[in-house]
Amino acid sequence: MLEIKNLNVNYGAIRAIRNVSLRVEKGEIVSLIGCNGAGKTTILRAISGLHRPESGSVTLDGIELTQLKAHNIVRKGISQAPERRGIFPNLTVFENLLMGGFTRRLSPADYDKVYGLFPRLGERRQQVAGTLSGGEQQMLAISRALLAQPKVILLDEPSLGLAPQITKTIFETIQRINKEGTTVLLVEQNAHAALKIANRGYVIEVGEIILSDAADKLLHNDDVRKAYLGEI
Amino acid sequence: MNKRFFLIAIPVVAALYGLDYFLNEYINEYVVRVIMNCGIACILSMSLNLVNGCAGQFSLGHAGFMAVGAYVAATLTTVFPAGPSFQSHLGVGMAILSGGIAAGLAGYLVGLPSLRLRGDYLAIVTLGFGEIIRIVILNIEAVGGPRGLPGIPRLSSFFWIYVWAAITGLVLFRIIRSSVGRALLSLREDEIAAESMGINTAKYKVQAFVISSFFAGIAGGLFAHYQGFVDPSSFSFNRSVEVVIMVVMGGMGSISGSVIGAIIVTVLPEFLRFLDKFRMVVFPLILIILMLLRPMGLLGHKEIWQLFRFKRSLKKAVA
Ligand SMILES: Nc1ncnc2c1ncn2[C@@H]1O[C@H](COP(=O)(O)OP(=O)(O)OP(=O)(O)O)[C@@H](O)[C@H]1O
Ligand SMILES: [Mg+2]
């Protein structure tokens with residue numbers, strides 16, 4: 001469904017992503033894990049058109065995306081909950097959600113659906129988003145991306161700065177979103193949580209994919225355990 | 001345009017017409033002048049609010065757009081040989097509309113750099129634009145250069161100024177409440193997030209500039225045909241700053257706030273006339289105090305009726 005081939009991305013003269021290829025099949029959860037600065041966010045930015053890659057291709061159902069502007073890529077069926085959430089702090093929860101559905105004609109039922117996923121948002125729909133807790137903001141970011149009704153949703157470190165309990169809730173909801181038909185590309189440093197819910201995983205180090213396998217295999221891979229699961 | 005619109009619009013227009021007659025007959029000229037200036041200031045502040053308040057693009061060039069509107073309209077009615085045929089209410093109306101359209105075009109050109117610049121940098125570019133317009137006019141002999149352009153037919157009445165103010169308010173309010181308004185708000189909040197929601201931020205920014213400068217041009221045309229005289233110094237940098245003050249004081253993104261800001265900035269100095277030479281010390285002092293008391297502007301991001309509704313529901317909750 002989503003296919004990246006030989007992607008190279010530069011920041012100025014510095015190459016941040018080197019010859020990366022990965023694919024996400026329909027209905028999958030694919031986790032991309034790596035340390036700080038490995039280039040995970042950069043890959044997502046390249047997919048969603050926020051940063052133009054140097055070379056390589058990104059296709060969704062065979063449609064080339066690299067030449068499209070970011071706002072048109074959303075219409076093709078990719079949306080993302082960006083790193084550090086990127087919510088609109090002075091707008092209410094509901095207004096944030098409205099912006100998520102900007103490209104679609106939504107009915108009240110569509111909003112009720114995300115309130116169903118995250119009841120806390122439903123209770124707080126008139127609250128100014130900047131005053132939400134970190135976990136609630138993450139829920140909002142995911143819901144907002146969902147309302148764009150994507151075929152593939154990109155999630156950039158949803159567990160960032162969250163307590164284990166909230167992380168668990170959010171990851172369970174990600175699974176639910178996936179079961180309801182949305183394909184997921186999940187970027188995480190929390191390798192354990194991310195691989196546990198994923199079908200397949202990729203490991204990225206300094207801009208290159210060094211490993212890719214079924215998620216449960218990666219979970220038991222010695223290198224991965226050493227490097228990302230804190231086991232020696 | 002539904003039935004309700006006409007049910008409101010017809011009495012409003014009739015009332016404005018009646019007031020126009022009343023002001024001319026019974027109220028002294030000085031007070032009328034202040035009221036007229038208020039109307040023009042309202043158009044300026046409401047329109048700037050779309051760019052500065054809603055879209056968060058800091059523009060310091062509003063006087064420039066006003067100048068374009070004023071000079072284009074005044075040229076049509078005064079300088080052109082065919083001018084006299086414009087010297088009727090309809091003719092002046094057409095001229096003012098042309099001024100607005102010309103200013104809208106200028107807004108398009110100035111909107112383009114806003115795609116790459118933001119914050120202080122955009123402020124400098126728009127400031128530069130305003131000054132360029134003024135200096136260009138200063139050097140056009142046909143419109144009087146630095147001496148200004150006298151003999152403009154004084155046909156913009158209370159009625160026309162306030163009809164345009166009402167149109168401006170209505171149009172801007174409709175825009176803010178539409179998806180365009182929401183797109184502008186979101187790009188003020190976080191441009192990259194807005195883009196990744198599928199919002200074509202470039203398109204909406206330029207649209208905001210065009211609409212905003214169109215109305216600034218209308219205000220300019222009304223101003224010219226009210227004063228009967230324009231010169232480049234009427235459209236200096238100070239004027240742009242004044243409009244920014246109205247917007248910031250009223251509340252970014254609040255149309256009713258802009259109206260209140262415009263009225264305060266226009267009327268307050270008149271009330272302070274008794275202070276004579278201290279007036280221009282006390283006036284800014286009052287502005288500073290107001291801003292300290294309400295740092296988000298008088299109405300914040302809200303409209304005036306939302307504030308009252310909120311208070312009422314608070315009372316209900318307490319009771
Ligand atoms: N705008 C930028 N300009 C220059 N270099 C950048 C820019 N953004 C990221 N980089 C560099 O690109 C590399 C990859 O960054 P990226 O943000 O993709 O990492 P990441 O895997 O998402 O890390 P983290 O887990 O910390 O979010 C880093 O070395 C970073 O310093
Ligand atoms: Mg990152």
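Given the structure is predicted, the values throughout are model-derived calculations rather than measurements. Lettering of chains follows the sequences in order, A, B, ..., and the numbering in each one begins at 1.
Under a cut-off of 6.0 angstrom, the local environment of CG in A:L68 is crowded, with over 12 non-hydrogen atoms contributed by other residues, nucleotides or ligands. At most 12 non-hydrogen atoms from other residues, nucleotides or ligands lie less than 6.0 angstrom from OH of B:Y108.
Both the backbone and the side chain of A:A70 come within contact range of chain B, judged by heavy atoms closer than 4.5 Å. In this structure, chain A has heavy atoms under 4.5 Å from both the backbone and the side chain of B:A183. Heavy atoms of A:P89 lying under 4.5 Å from chain B belong to its backbone as well as its side chain.
Minimum heavy-atom separation, B:A193 to A:G86: CB-O, 3.2 Å.
Looking at B:E195, its side chain never comes within 3.5 Å of a backbone N or O of A:L50 through a donor-acceptor pair.
Taking CD of B:E189 as the start and CD of A:E95 as the end, the distance is 9.0 Å to the nearest 0.5 Å. In this structure, A:L91 CG and B:R188 CZ are separated by 7.0 Å, a value rounded to the nearest 0.5 Å. Here the OG-CG distance, from B:S196 to A:L154, works out to 10.0 Å after rounding to the nearest 0.5 Å. For the atom pair CZ of A:F88 and CZ of B:R182, the computed distance is 11.5 Å after rounding to the nearest 0.5 Å.
At a heavy-atom cut-off of under 4.5 Å, chain A is reached by no residue from residues 48-64 of chain B. Contacts with chain B (heavy atom to heavy atom, under 4.5 Å) involve no residue of residues 132-140 of chain A. Of residues 97-112 of chain A, those residues with a non-hydrogen atom less than 4.5 Å from any non-hydrogen atom of chain B are, in numerical order, A:L98, A:M99, A:G100, A:F102, A:T103. Inspection of non-hydrogen atoms places A:H71, A:V74, A:R75 of residues 71-78 of chain A under 4.5 Å from chain B.
By number of non-hydrogen pairs under 4.5 angstrom with chain B, the leading residue of A:L147, A:I87, A:N90 is A:N90.
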